[in-house]
Every structure is written in structure tokens, then in C-alpha cells.
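Convention: sequence-line order gives letters A, B, ...; per-chain numbering from 1. Hydrogens, waters and symmetry mates are skipped; everything else that's a heavy atom, side chains included, is used.
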Amino acid sequence: MEKNVVILDIDYVTYENKPVIRLFSKDKDKNIVLLDDSFEPYLYVAPKDNVKKCQEQILDTLEGVHIEEVIKKDFQVEKTFLKVTFLNPQELAKNRDALRDLDQVDHIREHDIPFYRRYLIDRDVIPMTEVKACGEKIDSFLNLDSKKHDLEIIKLTKPLERVGDDLQDFRILSFDLEVRNPHGMPNSEVDEIIMIGVASNFGINQVISTKTNSEDRDDFVNQVASEKEMIETFIDIVKKSNVDIIVGYNSDNFDFPYLKDRAKSHGIDLDLGMDDSNIKFIRRGFANAASFKGLIHVDLYLVMRRYMTLERYTLERVYYELFGEEKVDVPGEHIWEYWDSDSTQLDDLFDYSLDDVVSTLKIAQQTLPLNLELTRIVGQPLFDLSRMATGQQAEWFLVKEAYFDNEVVPNKPGGSNFTIRAAEEDNEGGYVKEPEIGLHENLVQFDFRSLYPSIIISKNISPDMLVVGDVENREDYNISPEHDLKFKKNPKGFIPSVISKILNERFKIKKAMKASVDPTEKKTLDVQQQAIKRLANTMYGIYGFPRFRWYSYECAKAITSWGRQYIKRAMKKAEDYGFYAIYADTDGFYAKYKK
DNA sequence: AGGTTCCGGGG
DNA sequence: GTGTACGGAACCT
């Protein structure tokens with residue numbers, strides 16, 4: 001059978017010792033899980049000097065691996081690697097260290113790319129877009145049961161085909177808890193949930209509670225008998241509404257952990273997964289992320305911290321910044337008093353609860369389009385992408401581009417490598433001329449368009465083009481104004497070529513945007529070009545950040561040193577025409593016309 | 001100057 | 001989950 005579906009989420013399970021990729025998807029009216037058992041985990045081995053000997057040693061040491069000799073580019077230089085394929089990801093993880101330590105092995109590469117990400121990259125599958133699936137329908141697979149979970153299960157017989165890059169419409173639901181907290185920040189062991197606010201882009205706007213508001217107020221309260229029933233009602237709404245994306249504000253760290261604890265105390269499972277599986281908290285560094293199979297949870301707090309620069313990121317502050325309106329406010333420490341009061345204060349608390357969840361939905365509608373575009377460009381799941389720093393988004397984008405360029409990805413710096421990188425002096429940044437104090441008139445503003453991306457492209461600044469030591473023909477190199485850093489003029493470096501590619505794409509989109517007469521299309525194109533701009537601007541940052549795969553202190557230094565040269569030159573030139581700069585920063589300045 | 005601890009959001 | 005992890009301000013020594 002053939003079917004067009006939209007992919008929401010991905011994971012894998014191990015079945016009979018083999019990995020099976022599961023793509024949680026949907027079509028117009030049904031949830032669909034695609035199964036693909038045709039993909040195997042692998043890594044690359046760089047042999048020391050003798051490829052054959054290395055291959056023999058690996059085969060002698062490890063059981064059940066398959067080895068293939070491949071030519072891959074490493075910083076643009078073609079080299080022979082051994083592609084070592086394992087039975088399953090667990091085997092790869094278990095044997096990675098032993099492999100690295102073999103005396104015929106120089107080093108290993110691409111050994112730390114999560115299996116589902118590898119699948120998305122290698123199979124060119126883009127989350128949140130439409131694909132054509134060919135396969136056979138099956139009734140069940142492991143814990144998945146098509147009847148019990150009301151979904152279709154399709155075992156793929158052919159690779160997925162891209163149908164189009166068009167972004168789909170998604171069903172978005174926001175939620176928010178209010179808790180009775182007589183002693184400061186609530187404690188889920190003792191403090192009950194008093195309200196659950198729910199809003200959606202498909203008509204739901206309500207507050208579930210054990211109390212209700214006055215008759216003269218708008219009727220948005222869904223009154224139930226107990227806290228247990230509140231939680232059950234919430235779960236029921238989410239499940240019945242076929243939600244694609246569930247959003248909250250700080251829901252990774254507050255709402256979902258709290259809801260889970262309270263549900264547990266009533267013997268309820270927070271089983272919102274497409275397969276009725278439970279909520280799962282994924283440890284990501286210092287914080288947790290709340291996740292469900294096939295239901296994308298986006299915590300907008302994390303998204304907003306990247307989306308705009310503010311001194312604080314409270315829901316109130318972010319909402320004000322985006323929409324210029326004040327929110328209904330109830331001071332946190334008084335919530336329990338409002339709840340206990342049974343008067344207009346209780347009504348106000350209901351209004352506050354609804355306002356919070358409606359604002360959260362509005363913020364989601366405002367910001368998700370950009371994140372969906374980034375998902376499409378970066379090629380990783382929205383759940384992951386919404387929690388990545390922009391530098392990580394850029395890095396995963398480069399990992400994907402490297403695959404299509406037949407480049408082996410550099411390893412992440414580990415241990416001593418990282419310490420060396422981190423110990424390097426801070427790079428001198430852009431040129432800043434402190435503003436001259438006073439009220440100035442007759443000012444002109446001047447700025448470079450994408451200064452750093454342009455420098456990277458025009459000077460071919462890329463770690464694979466950097467040459468250390470003396471060179472014969474200096475004219476074959478772009479040489480930085482300070483530090484004598486030399487970059488080959490040819491061929492085009494990996495990162496400059498990626499940036500030119502996406503900037504060309506942006507140029508085309510901007511052109512189409514100007515030509516378009518349909519306001520919806522215009523808006524969509526605008527979001528697309530913004531997403532690309534963000535990604536292009538991040539590329540400078542990745543050179544200067546010690547944890548990145550393409551980290552290069554030299555590249556970072558070269559970019560800023562050319563940057564300083566360009567802006568100073570421009571200021572000088574402006575002065576020749578009678579413009580005196582009163583303030584400058586990195587890629588632009590304000591100047592006063594003296595005449 | 002250099003190292004260590006604390007904090008964000010949420011109620 | 002092919003796990004190991006932020007970044008700036010405030011506060012010590």
C-alpha cells in the first residue's frame with residue numbers, strides 16, 4: 001500500500017537484536033506509525049597506515065560487524081576509511097572504546113550521532129513535512145496495537161519519498177496549571193492542583209476545576225468533582241483532540257513534573273503518547289525535558305530565550321514584548337488566598353488561569369512557524385530543535401550537509417582537547433567606538449549586510465582551508481589583517497560553501513516574497529528567509545565555541561580581524577565625505593554630517 | 001585576579 | 001539513548 005503522511009516524531013526499538021526505526025506520523029484523520037528495519041548503525045574508522053591490516057584486526061577483535069572500505073573527504077582531502085556496521089546501536093556503544101584502542105586504528109569518527117538522527121540524515125527524511133510511505137499494513141508490533149491504540153501500523157518496504165517541503169497545519173494545544181500553595185512555591189506531595197487551563201487552535205478554551213466562576217462571568221469553566229477527575233478530564237481532552245503539538249511555559253520543569261506527581265498520587269498514568277505510553281523525562285544536562293511518543297511537547301520558555309533578548313523571560317514579560325498588552329495578573333504567593341476567598345477574587349483567578357493559557361497559545365502561534373522552518377532546514381525533530389541552542393541547530397545542519405558532501409564530520413572535542421580549546425584566550429570581538437554623549441542631529445546610519453557571513457564567504461574562512469606555517473605564493477591565500485592567518489583561495493571551503501548555498505536560497509526566497517501578492521504566502525516566505533538568516537549568522541559563533549565540532553580559534557580570530565578592518569575603513573571613507581562617526585559597533589555606525 | 005556558588009522559569 | 005550536560009552574575013578568598 002501507498003500513503004502520504006506527515007512525520008511528527010521518531011525513535012527506535014530493538015527487536016530480535018535488530019533496530020527498528022519508528023516514525024510517529026499522521027494523515028488527515030489518523031495516527032500512523034511507520035516501521036523501518038532496514039537501517040543499520042555504523043561509524044568510520046581511520047586506519048593508521050595499513051588499511052588491510054586494520055580491517056583484519058577489527059574482524060579478529062569484534063564479532064558480528066560488517067566492514068566496508070570507503071573513500072570519504074576529511075577537511076576536503078580524500079582518504080580511505082573503514083565503515084564499520086554493527087548489529088544494533090547498543091553493540092556500537094559497547095565496542096566503540098575497544099575499537100578506538102586497537103593499535104591499527106588511528107581514530108574513530110561519527111561514533112556519537114544518535115541513531116534516529118543518523119536515519120533522518122542518511123535517508124533524507126525531514127520531520128514535519130509530507131512523505132510517501134510504501135509498505136504493508138500490520139496489526140501489531142511489540143507493544144503497538146493498531147486497534148487498541150487506534151492507529152495504523154505500516155511496515156515499510158521501500159525508502160520514504162519526499163512529497164514536498166510544504167509545512168503542514170498542526171493542531172496545537174496549550175495548557176497551564178494553578179496550584180493551591182499556602183507556603184510559597186508548591187510542593188507536589190501536599191499541594192493540590194486547583195485549575196488546569198487548556199486552549200487550542202481548534203476551538204478549545206477552558207479551565208478545568210473543582211470550583212466554578214460566578215454566573216455573570218463568561219462560561220469557560222469545566223467543573224468536575226475532584227482533582228483526580230480534573231487530571232482525567234485533561235488527559236481525555238488531549239487524547240480525543242488528536243493534538244500534534246502540546247505547549248506550555250516552563251512545562252519541562254514545572255507543569256509536567258507536577259502533573260505527573262499528582263497523577264501518580266491518584267494512581268493515574270500520564271499516558272498521552274500516541275501508543276498510550278507514559279510521559280518520559282529525558283535528562284539533558286542540568287534540566288529535564290518532558291516527552292511523549294508521537295506528541296510533540298514544546299516548552300516555550302526555552303524557545304523564547306532564544307527568540308528575543310530580554311532581561312527576564314517571565315510569561316508576562318515575553319507576552320508584553322510580543323503583543324504590547326499587559327496580562328491579567330495574580331501575584332503567585334496569593335493564589336491560594338484567591339482560591340479560598342469564594343468571591344470576586346476567585347473569579348479573577350479563573351480569568352487569570354484562562355489568560356495564561358490563551359497567552360501561551362498566542363505565543364506558540366507567533367513563534368512556532370519559525371521553529372518549524374528551522375526544523376525543515378536543520379532536518380531534526382521539532383522536539384529536539386526547540387530545545388537546542390542556535391549553535392547546536394547550526395551544528396546539526398552542518399552534520400547533514402557534510403553527509404551530502406561526502407565529508408566525514410569532525411569529532412566533538414573531548415577531555416584534554418576540550419580543556420585546550422577552553423583555555424585559549426577570548427577572541428577580540430568587533431570594533432566598538434563608545435558613543436559620544438549628547439544630543440546629535442543630522443545623523444546617518446550605516447551598516448553592513450551580513451558582515452560575518454560575507455567575510456567567511458569572501459575570504460574562504462574554513463578550518464579545511466587554513467594553512468599553518470610558511471607558504472610559497474602568498475597571493476594564493478587570503479591573509480588576515482592581523483595574526484597572519486592564511487586561508488587557501490581555492491577550492492571553496494566546507495563552511496563557506498554551505499553559507500553561500502543557504503544565502504542564495506535566502507536571496508531566492510526574498511525575491512519570491514517581493515513578487516508574491518498573497519499575504520499568507522508572503523508571511524510564510526518571510527519566516528523562511530528569517531530562519532535562514534538566523535542560521536547563517538550563527539555560523540561565525542560556531543568557530544568560537546569550544547564544544548563545537550568545527551571549532552577553530554584561528555577562523556574566529558580571522559573573521560573578527562577582517563570585520564574590524566572593514567568597519568574602520570568604512571568610517572574612514574565616510575569621513576572623507578564629511579560624515580563623522582559618533583558611535584560604532586561591529587558591523588555598523590552612526591555618523592554626523594558635519595557640513 | 002581567580003575560583004566557586006547560585007540561579008533562571010513555574011505557583 | 002551510538003547518554004555526561006549552560007552561562008552569567010554574585011559572592012567568596
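- Rounding to whole angstrom units, CG of residue A:N288 and P of C:dA5 are separated by 16 Å.
- To the nearest whole angstrom, the two P atoms, one in C:dT4 and one in C:dA9, are 28 Å apart.
- Residue A:Y12 is classed as a sugar-phosphate contact, given heavy-atom separations below 4.0 Å to backbone atoms only.
- Side chains of A:H149 and A:N143: a donor-acceptor N/O pair is absent below 3.5 angstrom, by distance only.
- The shortest distance between side-chain heavy atoms of A:C54 and A:V105 falls below 4.5 Å.
- Residue A:E227 comes nearest to A:T210 through the heavy atom pair N-CG2, 3.9 Å, listed as atom of the first residue, atom of the second, then distance.
- A:F548 has its CZ atom 13 Å from the P atom of C:dA5, to the nearest Å.
- In this structure, A:N88 places its CG atom 13 Å from C1' of C:dG1, rounding to the nearest Å.
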Reading nucleotides 6-11 of chain B from 5' to 3' and marking B where a protein heavy atom lies under 4.0 Å of the base, S where only the sugar-phosphate is that close, and - otherwise, the string is --SBBB
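- Figure legend: A:K72 and A:F81 shown without cation-pi pairing, the cationic atom not lying both under 6.0 angstrom from the six-membered ring centre and within 45 degrees of its axis.
- Atom-to-atom, CZ of A:R547 to C1' of C:dC6 comes out at 7 Å; the value is rounded to the nearest Å.
- Nucleotides B:dG9 and C:dG7 are separated by 16 Å at their C1' atoms, to the nearest Å.
- A cation-pi arrangement is not found for A:R117 relative to A:Y119, the charged atom failing to lie both closer than 6.0 Å to the ring centre and inside a 45° cone about the ring normal.
- With rounding to whole Å, A:Q393 atom CD is found 17 Å from C:dC6 atom P.
- Within the structure, the salt bridge (charged side-chain N to carboxylate O under 4.0 Å, His left out) test picks out the following pairs touching residues 390-405 of chain A (sequence neighbours left out): A:E395-A:R549, A:E401-A:K501.
- Per the geometry, CD1 belonging to A:I282 stands 15 Å off C1' belonging to C:dT4, to the nearest Å.
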